[in-house]
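Take a look at the structure below.
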Protein chains: 2
Amino acid sequence: MTNPATIAGLTSEATTEPATLGEAAYQRLRADIVAGGLEAGKPLRLEALRQRYGLSFSPLREALMRLQSERLVVSAALRGFAVAPLSREEIKDATETRILIECEALRRSMRDGDDDWEAGIVATFHALGRQVDRMAATAGKADVAEVLVMEERHHQFHRALISACGSPRLLELADQLSIETQRYRLPSLTGRNIGAPPRDVSAEHREIMDAALRRSGDATTLLAEHYRRTSASIQAAMA
Amino acid sequence: MTNPATIAGLTSEATTEPATLGEAAYQRLRADIVAGGLEAGKPLRLEALRQRYGLSFSPLREALMRLQSERLVVSAALRGFAVAPLSREEIKDATETRILIECEALRRSMRDGDDDWEAGIVATFHALGRQVDRMAATAGKADVAEVLVMEERHHQFHRALISACGSPRLLELADQLSIETQRYRLPSLTGRNIGAPPRDVSAEHREIMDAALRRSGDATTLLAEHYRRTSASIQAAMA
DNA sequence: ATTTCCATGATTTTCGAAAATATTCTATTG
DNA sequence: CAATAGAATATTTTCGAAAATCATGGAAAT
């Protein structure tokens, strides 16, 4: 059965209580890795995790195996686990793979999407805009909780675009790649982001939305450029 | 130590000795699911698995978590695991996703592939042909071990085609989708395959190879057709 | 000075029992 | 007879100790 948290969203705020400790460990570990609470490259000692989360080895190991499949954790046999390192190569590969997956899913959604699909795009675009406005009002303070809410809205918008593709695999892959790339985005969003190019992300979103609703082939091009711009700025910051 | 290499010509990693029991459980479970030794849809009771493989719960659960990420196993919280069911929808989605992934990887490989890439294609094509000839000689007997060897060679050929793509993600996804679709192919290969359309698979492989070595855009079209033909025949047999 | 070997401590991996939860069966009620 | 509640059973999930393995450091040998 697919994990509802994977589909539902990114953040640790579980709308539903996890049924097992293994599931809880998975969600908390993933949230901490993505948000940087567990530093990239750092070894994940089981004894330390046991104390940190108040769990036993079994559910922790289960969660770590899952996270390893999602490339958030690496491991060597008998040598334990570590938070997957960040690298320019990885963000590049993740971004290009994401573009491949999401552009195909967007093409199919534009072909098959109905009124509900369109409504979902408009609704999530609006919600994202509201959140961006709210954060602009309290400018200066890069509150990490607020940033996480915005990232969740951002994810919901992009997911709405491809939600009518009809392929569970493409949607799951898109979710996984979204999580992976979020690891790279978050530091630059919470940090004070000096030297970032002046970029109107909201305008990019609006263009993508408009093209998608027009069922125009431009939508995939705009989507790819949107992701490549973000990736390039991250890579530049990783000098 | 029990060597699964006799049963599993399935993957390259199956030939190397697993370092942990969890890894061994993963390999043996996967081989048994793909080969049909564990029936699709059937519940995987831990007590039964413990006896069958002579392992404790921990490594078994670890392996099952990994297999769940690869869509070979499904589970519901507190209700245990089951072999992932087979369905027309799944083989369709898996095939189309595989085409998306491998065609992109083939395009990149044709763009960047060097002499070693070409040599790998020619070598694996030859090895596959030898195996097919060997099996044609002993026709009538659909030996499951021989079929597994052939599937392994088949996989190696297709992997050689895309091996120069430069993306670890695309290669890993292709491997996973290859395993998934193998579950669907094996029954029809071991069974006596009545009513199958007369199809020269070797000729298809040669055409794909030739086009790839010519760096012709036809290669991706031929590859897609190759996979779609197989998928269609499987779906037809699933009436 | 460098290497090799072994003891020591740290860490991962595995096990089987215990706890938690689901499922089945039976008895009872409406 | 159908439906329900509760006990009994089956199964999953979790725990902490034990076993296996790796990492570290120091002594002996070259």
Side-chain angles (χ1 to χ4, degrees), chain A residues 1-6 14 16-30 32-33 38-70 72-85, chain B residues 1-4 13-14 16-30 32-33 38-69 72-85:
Chain A
M1 212 69 68
T2 46
N3 168 16
T6 303
T16 62
E17 194 71 16
T20 69
L21 296 184
E23 178 66 24
Y26 167 75
Q27 290 178 13
R28 296 186 62 185
L29 272 167
R30 190 176 72 160
D32 284 349
I33 291 172
L38 293 170
E39 200 181 344
K42 211 180 73 173
L44 293 164
R45 304 261 177 247
L46 287 174
E47 177 57 30
L49 296 178
R50 199 181 65 77
Q51 294 193 0
R52 174 173 186 147
Y53 297 109
L55 296 172
S56 186
F57 299 125
S58 317
L60 285 172
R61 283 184 64 85
E62 260 179 42
L64 290 167
M65 295 304 290
R66 284 175 68 179
L67 292 167
Q68 193 184 359
S69 314
E70 297 175 22
L72 294 178
V73 156
V74 295
S75 86
L78 297 173
R79 226 161 289 191
F81 301 86
V83 181
Chain B
M1 203 64 71
T2 52
N3 186 7
E13 63 219 333
T16 63
E17 194 69 20
T20 69
L21 294 185
E23 178 67 23
Y26 167 75
Q27 289 177 13
R28 296 186 63 186
L29 272 167
R30 190 175 74 159
D32 283 349
I33 290 172
L38 293 170
E39 200 181 344
K42 212 179 72 174
L44 293 165
R45 293 280 143 66
L46 286 174
E47 178 57 29
L49 296 179
R50 199 181 65 76
Q51 294 194 359
R52 175 173 184 144
Y53 298 109
L55 297 171
S56 187
F57 299 124
S58 317
L60 285 172
R61 282 183 65 84
E62 263 180 40
L64 290 167
M65 297 303 289
R66 283 176 69 180
L67 291 166
Q68 193 184 357
S69 311
L72 294 178
V73 156
V74 296
S75 87
L78 297 173
R79 226 161 289 190
F81 301 86
V83 181

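In what follows, chains carry the letters A, B, and so on, assigned in the order in which the sequence lines appear, proteins first and then strands, with residues in each chain numbered from 1.
In this structure, the side chains of Leu38(A) and Arg30(A) stay at 4.5 Å or more apart for every pair of heavy atoms. Considering only heavy atoms from C-beta on, Tyr26(A) comes within 4.5 Å of Glu70(A) through its side chain.
Atom-to-atom, OH of Tyr26(B) to C1' of dT14(C) comes out at 20 Å; the value is rounded to the nearest Å. Taking atom CD of residue Gln68(A) and atom P of nucleotide dT13(C), one finds them 10 Å apart after rounding to whole Å. Per the geometry, CG belonging to Leu60(A) stands 10 Å off P belonging to dT14(D), to the nearest Å. Met65(B) places its CE atom 14 Å from the C1' atom of dT14(D), with the value rounded to the nearest Å. The separation between Glu62(B) atom CD and dT12(C) atom P is 13 Å, rounded to whole Å. Atom-to-atom, CG of Leu64(A) to P of dT12(C) comes out at 10 Å; the value is rounded to the nearest Å.
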Show me the protein contacts with nucleotides 21-25 of chain D, counting only N or O atoms at under 3.5 Å.
{"residue": "dA23(D)", "atom": "OP1", "partner": "Arg79(A)", "partner atom": "NE", "Å": "3.4"}

Please list, pair by pair, any protein nitrogen or oxygen found under 3.5 Å from a nitrogen or oxygen in nucleotides 6-9 of chain D.
none

Which protein N or O atoms sit under 3.5 Å from an N or O of nucleotides 15-20 of chain D?
{"residue": "dC15(D)", "atom": "OP2", "partner": "Ser56(A)", "partner atom": "N", "Å": "3.1"}
{"residue": "dC15(D)", "atom": "N4", "partner": "Ser58(A)", "partner atom": "OG", "Å": "2.9"}
{"residue": "dG16(D)", "atom": "N7", "partner": "Ser56(A)", "partner atom": "OG", "Å": "3.4"}

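Residues satisfying the salt bridge (Lys or Arg N to Asp or Glu O under 4.0 Å) criterion with Arg79(A), sequence neighbours excluded, are absent altogether. In this structure Ala24(A) satisfies the side chain to side chain contact (heavy atoms under 4.5 Å, CB included) test together with Pro18(A), sequence neighbours excluded. Residues passing the side chain to side chain contact (heavy atoms under 4.5 Å, CB included) test with Ala84(A), sequence neighbours excluded: Val74(A), Arg183(A). Under the salt bridge (Lys or Arg N to Asp or Glu O under 4.0 Å) criterion, Arg45(B) pairs with no residue, sequence neighbours left out. With sequence neighbours excluded, the residues satisfying side chain to side chain contact (heavy atoms under 4.5 Å, CB included) with Ala77(B) are Ala19(A), Thr20(A). Listed by chain and residue number, Glu47(B) satisfy the side-chain hydrogen bond (donor to acceptor under 3.5 Å, both in side chains) test with Gln51(B) (two or more places apart in sequence, or in another chain). Residues passing the side chain to side chain contact (heavy atoms under 4.5 Å, CB included) test with Leu21(B) are Leu55(B), Pro59(B), sequence neighbours excluded. Residues that satisfy the side-chain hydrogen bond (donor to acceptor under 3.5 Å, both in side chains) test with Ser75(A), not counting sequence neighbours, are Gln68(A).
Ala82(A) and Gly41(A) make their closest contact through CB-O, 4.1 Å (heavy atoms, listed as atom of the first residue, atom of the second, distance). Closest approach of Ala40(A) and Val83(A) over heavy atoms only: CA-CG1, 3.7 Å. The shortest non-hydrogen separation linking Arg52(B) to Asp32(B) is NH2-OD2, 3.3 Å.
Recorded end-axis angle for the helix from dA1(C)-dT30(D) to dG30(C)-dC1(D) stands at 20°, based on five pairs per end and rounded to 10 degrees.
Nearest-nucleotide assignment on DNA chain C puts the 5′-proximal partner with Gly22(B), out of Ala19(A) and Gly22(B).
Contacts of Leu44(A) with the nucleic acid, taken as non-hydrogen atoms under 4.0 Å apart, involve only primed sugar atoms and P, OP1 or OP2.
Between Glu62(A) and Arg66(B) there is no salt bridge, since none of the side-chain N atoms of the basic residue sits less than 4.0 Å from a carboxylate O of the acidic one.
Residue Arg45(A) places at least one side-chain N or O closer than 4.0 Å to OP1 or OP2 of dT12(C).
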